[in-house]
Structures are given as C-alpha cells and as structure tokens.
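What follows is a set of notes on a single structure, which appears directly below.
Start at 1 and go down the list; that is how both ligands and their atoms are numbered. In this text, all values refer to a predicted model and were calculated from it rather than measured experimentally.
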Amino acid sequence: MNSVEQTLSIVKPDAVERNLDNEIKEIFKNKGFIILKEKKIQIEKTEAERFYKVHETKPFYNDLCAYLSSGPIVVMVLEKENAVMANRELMGATNPKDAKDGTIRRKYGISIDKNSVHGSDSVENAKIEIDFFFKD
Ligand code: IDP
Ligand code: MG
C-alpha cells in the first residue's frame, strides 16, 4: 500500500559547510518531494545526544554528536508517497563508499561519519524526529 508520508531530512555540517544545501534541496524537489518545513540551525552537543540517543552504546556516539553539533545544519520535513523509504533510497548507504551511483551520499559524502545527509528510518521514527525539530 502506498501512502503519503512525511520524513525528516538533515543536511549535515559537512554538506552545509560546502554550500551544498540548495543543491541537495533541488535533488529532493526533482524527485517529487515537497519541502513542507525547513530551517538552518546549529544545535548544542546535548541536543545531538538526545537526537542520536538510539546510538548511545555505539563506539562512535561521542564523535557523531560532536560532529552533528559542529556547524550549521539544514533540517527539513519532506513529503511524498512512501517518503521514508524513498528518501533512504535517494540518500544511499550509510558509508558513501557503499552507496549506489545517483545517490546523495555517493555524490557528496566524504566518509562514513561525514555522509552529508540524515533521513528517518521508519514512519514511527520520522514522527519522533519531526517533533524533535519542529514541535512548537
Ligand atoms: P544512517 O544515517 O544511514 O541511518 P545509522 O546507522 O543510523 O546510519 O548511523 C547514524 C550516523 O552515525 C551515520 O549517518 C553516520 O554519520 C554515523 N555512523 C554510523 N556508523 C558509523 C561508524 O561505524 N563510524 C562512524 N560513524 C558512523
Ligand atoms: Mg539511522
């Protein structure tokens, strides 16, 4: 069953730093995503720790949170049919080296940690992540 979904996308510091945020937004729009909300912000490390709490036992957790809070990011709510999985496919594998041609991480990712974009991994987590950044 196809249904219209919303998902959270983040253009991470490595990509914003290289001024790729507009280019990446164009890719989403060209693939039929509607950008419902967006903002450019910089978060505190403690906020990054809350956002990535599922990874708190991983060896890379501290570096990951330091990195996400190291510079400006662009957070967006994307809408499209099957948006969660469509965005995951468009992003490509976590490690840019493993990402398929035509994916955002293949094109722009520098390394497994500086992989340019975040995307929610389930409809349930998308709701939590959208609330995290856009609840008002
Ligand atoms: P995802 O972003 O593709 O959903 P996750 O497994 O949820 O990947 O990991 C969250 C983020 O943590 C990744 O995007 C990446 O930036 C970082 N990360 C994941 N695995 C590693 C690793 O083995 N070393 C360093 N950073 C990692
Ligand atoms: Mg993930």
Side-chain angles (χ1 to χ4, degrees):
M1 262 276 289
N2 292 344
S3 55
V4 174
E5 295 171 355
Q6 294 177 5
T7 191
L8 185 88
S9 170
I10 304 177
V11 183
K12 293 184 176 182
D14 67 273
V16 176
E17 186 179 79
R18 288 175 285 154
N19 293 314
L20 294 170
D21 39 319
N22 283 328
E23 212 168 307
I24 290 172
K25 275 163 51 183
E26 284 307 308
I27 294 175
F28 287 128
K29 287 191 240 173
N30 289 336
K31 292 286 179 181
F33 289 90
I34 296 165
I35 301 173
L36 291 180
K37 296 180 183 177
E38 64 170 291
K39 58 183 176 183
K40 188 185 267 190
I41 53 173
Q42 182 162 359
I43 61 173
E44 299 287 338
K45 184 159 182 254
T46 51
E47 292 178 275
E49 286 165 356
R50 274 202 296 128
F51 180 73
Y52 274 133
K53 193 153 176 46
V54 291
H55 293 303
E56 70 182 332
T57 61
K58 309 269 172 65
F60 56 83
Y61 179 65
N62 185 59
D63 288 348
L64 174 63
C65 298
Y67 164 64
L68 193 70
S69 57
S70 68
I73 57 176
V74 175
V75 289
M76 293 176 275
V77 179
L78 302 181
E79 186 174 87
K80 179 182 153 80
E81 267 202 7
N82 298 322
V84 173
M85 283 309 134
N87 180 39
R88 294 292 304 190
E89 269 179 33
L90 182 56
M91 286 163 56
T94 305
N95 190 338
K97 285 191 198 128
D98 301 328
K100 290 185 191 148
D101 281 349
T103 62
I104 293 172
R105 283 169 164 172
R106 176 67 172 222
K107 190 164 184 199
Y108 301 114
I110 295 168
S111 56
I112 191 163
D113 45 334
K114 295 185 175 172
N115 58 8
S116 302
V117 280
H118 166 85
S120 310
D121 62 5
S122 66
V123 172
E124 190 188 357
N125 284 335
K127 291 195 174 102
I128 295 168
E129 292 181 355
I130 289 167
D131 266 7
F132 184 94
F133 284 108
F134 291 101
K135 195 156 190 138
D136 30 37

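Counting protein heavy atoms only, atom 2 (O) of ligand 1 is closest to Arg105 NH2, 2.9 Å. In terms of protein heavy-atom proximity, atom 4 (O) of ligand 1 is nearest to Arg88 NH1, 2.8 Å. The protein non-hydrogen atom at the shortest distance from atom 8 (O) of ligand 1 is Thr94 OG1, 3.3 Å. Here the heavy atom of the protein found nearest to atom 11 (C) of ligand 1 is Leu64 CD1, 3.8 Å. Taking atom 16 (O) of ligand 1 as the reference point, the nearest protein heavy-atom neighbour is Lys12 NZ, 3.1 Å. Considering only non-hydrogen protein atoms, atom 15 (C) of ligand 1 sits nearest to Ile112 O, 3.1 Å. Atom 10 (C) of ligand 1 has as its closest protein heavy atom His55 NE2, 3.5 Å.
Between Tyr52 and ligand 1, no N or O atom pair is found at a separation short of 3.5 Å. For Gly119, no nitrogen or oxygen atom sits less than 3.5 Å from a nitrogen or oxygen atom of ligand 1, counting backbone and side chain alike. Annotation: His118 places no N or O atom under 3.5 Å from an N or O atom of ligand 1; distance criterion only.
Cluster annotation: Ile43 and Phe132 are assigned to the same hydrophobic cluster (Ile/Leu/Val/Met/Phe/Trp/Tyr, side-chain heavy-atom contacts under 4.5 Å, transitive).
Residue contacts with ligand 1 for Val54 are absent, since no atom lies close enough (heavy atoms, distance under 4.0 Å).
The shortest side-chain heavy-atom distance between Ile110 and Ser116 does not fall under the 4.5 Å cut-off. Between Tyr67 and Lys12, some side-chain heavy-atom pair lies under the 4.5 Å cut-off. Side-chain contact between Leu8 and Phe51 is present, with at least one heavy-atom pair separated by less than 4.5 Å. Residues Lys58 and Tyr52 have side chains not in contact (no heavy-atom distance under 4.5 Å, counting atoms from C-beta outward). Here the side chains of Glu5 and Asn82 are in contact, with some heavy-atom distance below 4.5 Å. Using a 4.5 Å cut-off on side-chain heavy atoms (C-beta onward), Phe33 and Ile27 make no contact.
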When you look at Leu78 and Ile35, which way does the side chain to side chain contact (heavy atoms under 4.5 Å, CB included) test go after all the steps?
CA-CA 5 Å; Leu78 302 181; Ile35 301 173; 3.8 Å; yes
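Compare Tyr67, Tyr61, Phe60 by their heavy atoms: the one nearest to atom 25 (C) of ligand 1 is in Phe60.
Interface of Asp113 with ligand 1, defined as ligand atoms under 4.0 Å from a residue heavy atom, comprises 16 (O), 26 (N). Those atoms of ligand 1 with a heavy atom of Asn115 less than 4.0 angstrom away are 13 (C), 14 (O), 15 (C), 16 (O).
The number of heavy-atom neighbours closer than 6.0 Å to NZ of Lys80, taken from other residues, nucleotides and ligands shown, is above 12.
Note on ligand 1: Asp121 sits outside its first shell, no heavy atom being nearer than 4.0 Å.
With respect to Arg18 and Asp14, a salt bridge is recorded, a charged nitrogen being found less than 4.0 Å from a carboxylate O.
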